[in-house]
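Here is the structure we will look at.
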Amino acid sequence: MAQAEQYLQEALAAFDFKGQVVGAVRYGSGHINDTFCVHTQPGEDPCRRFILQRISSAAFHHPEQVMANIVGVTSYLTRGISQAGGDPERETLSVWPTKDGKSFYTDGEGRAWRVYPFIEGTLSLQTAETPELFAASGRAFGRFQRMLKDYPADTLYETIPRFHDTENRLALLKAAVAADPMGRVKEVGPELAFVTAREGDCSIALQALREGKLPLRVTHNDTKLNNVLMDRESGEGVCVIDLDTVMPGLSINDFGDSIRFGANHSAEDERDLSKVNFDLPLYEVYTQAFVEGTGGALTQAELDYLPWGAKLMTLECGIRFLTDYLEGDHYFHTQRPGQNLDRCRTQFKLVADMESRWGDMKAIVDKYRN
Ligand code: ADP
Ligand code: GN1
Ligand code: MG
């Protein structure tokens, strides 16, 4: 498969940026898409930036469905934000069409490219630098769920089938172990034992869904801290981005994925596990902010299951990193050998930490019940 750079000029030519393109450079720290920042010079006006992305074909087999979801959701958000007196150009992504009016361009290799205006004056953080910033991200993700509360869920495509189906993630890990295409299974005995000891946990949220205890909502499904843009001046969450996986899901997973990534002080691929520690005070600020952001919409059962959301998203993500490591690192972008295994290990360390603070995690939710 070609490097994105090989098709970059062709993709740039497919969009009318209303100014001369003066450069396009790799941008951001996403694990999935190929992201470029495009600099343009519109005549005498100040230069303007755009985000150009080649959508990952490993993750998304139907980019037209991804884009149909995003056009639907961002148009809906634009209307809601305008009605509430906000600024839709800053508070939601908007799709910048191709020269022939489409939501994406397909290159000579069949790969999909899209453009968003760059949201200026914001930051995408890799770690929660302060509790206030982490709280701001929680309010933004909670608010995002609230704004989409009445969105017609049946119009959304399932862009990655069974995305947070933890039982299926476990089955895919087992299949990778059985196939062992890279001969790496021998290196991961302790990690596989860690998963085996928690097989039953993989059914907890799904079982609650099957029993009707937890409702399906329109959720984001990838609520990493770096998927919300924060205002550089005020530190408030401005815009939730990375909308590829917006689809029906569980609110506890949106909560949980944020905790997985943000309630610690280490990089996701940290090799020194002594530095990887679940931070209960950060969990607390996020819990309060997320519950506030959802505007009291969470049911008592959803509140009960929030700690499970945190633990299961972390366990599931570790399982996914491990599976990709065993399969040869085709899904998550890597910059060095062994990175996906290192990522898996940080996740499992965080799971073990959460287990040792389980009573505290539940007590914190109880403190912020409405
Ligand atoms: P991935 O799915 O690979 O994570 P994202 O859509 O999250 O891709 O984009 C990667 C990064 O690009 C983000 O973390 C953010 O830093 C930046 N980014 C994406 N969209 C915008 C935008 N409209 N304005 C400013 N920065 C953006
Ligand atoms: C990916 O796209 P990005 O980098 O925000 C992944 C998430 C994982 C995360 C782990 C579509 O998120 O599910 O939790 O990496 N996104 C997809 O860092 O698979
Ligand atoms: Mg992202």
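Residue numbers start at 1 and run along the sequence shown. These figures come from a predicted structure and were not determined experimentally. Read the numbers this way: they start at 1 and go in the same order the structure lists the ligands and their atoms.
- Ion pairing between a basic and an acidic side chain is recognised when a charged N comes within 4.0 Å of a carboxylate O; Arg48 and Glu120 show no such pairing.
- Comment: Asp360 engages Arg357 in a salt bridge, judged by a side-chain N to carboxylate O separation of less than 4.0 angstrom.
- Counting heavy atoms of neighbouring residues, nucleotides and ligands inside a 6.0 Å radius, atom CD of Glu211 exceeds 12 of them.
- Ligand 1 is never approached by Ser56 to a heavy-atom distance shorter than 4.0 Å.
- Contacts between His31 and ligand 2, counted as non-hydrogen atom pairs separated by less than 4.0 Å, involve both the backbone and the side chain.
- Considering both main-chain and side-chain atoms, Ser29 never comes within under 3.5 Å of ligand 2 through any nitrogen or oxygen pair.
- The distance criterion of under 3.5 Å between nitrogen or oxygen atoms is met by Glu268 with respect to ligand 2.
- A cation-pi geometry, defined here as NZ or CZ lying under 6.0 Å from the six-membered ring centre and within 45° of its normal, does not hold between Arg320 and Phe332.
- For Arg90 (side chain) and Ile119 (main-chain N/O), no donor-acceptor pair under 3.5 Å exists by modelled atom type.
- Ion pairing between a basic and an acidic side chain is recognised when a charged N comes within 4.0 Å of a carboxylate O; Asp353 and Lys349 show such pairing.
- Under a 4.0 Å N-O distance rule, the pair Asp244/Arg114 qualifies as a salt bridge.
- Looking at atom 19 (C) of ligand 1, its nearest protein heavy atom turns out to be Ile241 CD1, 3.7 Å.
- Near Lys224, the atoms of ligand 2 lying under 4.0 angstrom from a non-hydrogen atom of the residue are 3 (P), 4 (O), 5 (O), 9 (C), 10 (C), 12 (O), 15 (O), 18 (O).
- Between Asp304 and Lys362 there is no salt bridge, since no side-chain N of the basic residue sits under 4.0 Å from a carboxylate O of the acidic one.
- Residue contacts with ligand 2 leave out Arg343, since none of its heavy atoms falls under 4.0 Å from the ligand.
- The residue Met313 has no part lying near ligand 2, judged by heavy-atom distances below 4.0 Å.
- Distances between N or O atoms of Asn33 and those of ligand 1 include at least one value under 3.5 Å.
- Heavy-atom distances between His333 and ligand 2 stay at or above 4.0 Å for every pair.
- Note: an N/O pair closer than 3.5 Å links Asp242 and ligand 1 by distance alone.
- Not a single N, O or S atom of Asn226, from either the backbone or the side chain, sits less than 2.8 Å from the Mg ion (ligand 3).
- Scanning the protein heavy atoms around atom 8 (O) of ligand 1, the nearest turns out to be Gln53 NE2, 3.3 Å.
- Heavy atoms of Ala59 stay at 4.0 angstrom or farther from ligand 2.
- Of the angles at the Mg ion (ligand 3), the one spanning OD1 of Asn227 and OD2 of Asp242 is 90° when given to 10°.
- Atoms of ligand 2 lying under 4.0 Å from at least one heavy atom of Cys317, given by number and element, are 10 (C), 14 (O).
- Considering backbone and side-chain atoms together, Leu229 places no N or O closer than 3.5 Å to any N or O of ligand 1.
- Here Asp222 does not pair with Lys224 in a salt bridge; the nearest charged N to carboxylate O distance is not below 4.0 Å.
- Between Phe261 and ligand 2 there is no heavy-atom distance shorter than 4.0 Å.
- Between Asp269 and Arg336, at least one side-chain nitrogen of the basic residue sits less than 4.0 Å from a carboxylate oxygen of the acidic one, meeting the salt-bridge criterion.
- Contact annotation: for His31 versus ligand 1, heavy atoms closer than 4.0 Å belong to the backbone alone.
- Residue-level proximity to ligand 1 for Thr35 is carried by the side chain, the only part with a heavy atom below 4.0 angstrom.
- Distances from ligand 2 to the non-hydrogen atoms of Asp222 include at least one value under 4.0 Å.
- Residue contacts with ligand 2 for Asn227 involve side-chain atoms from C-beta outward but no N, CA, C or O (heavy atoms, distance under 4.0 Å).
- Salt-bridge check for Glu236 with Arg139: passed, with a basic side-chain N closer than 4.0 Å to an acidic carboxylate O.
- Here's the thing with Arg320: one of its N/O atoms is less than 3.5 angstrom from an N/O atom of ligand 2.
- Using a 4.0 Å cut-off between charged side-chain N and carboxylate O, Asp165 and Arg162 make a salt bridge.
- At a threshold of 4.0 Å, the pair Glu355-Arg198 counts as salt-bridged, since one of the basic side-chain nitrogens sits closer than that to a carboxylate oxygen.
- Checked against a 3.5 angstrom limit, the closest N/O atoms of Ile119 and ligand 1 fall inside it.
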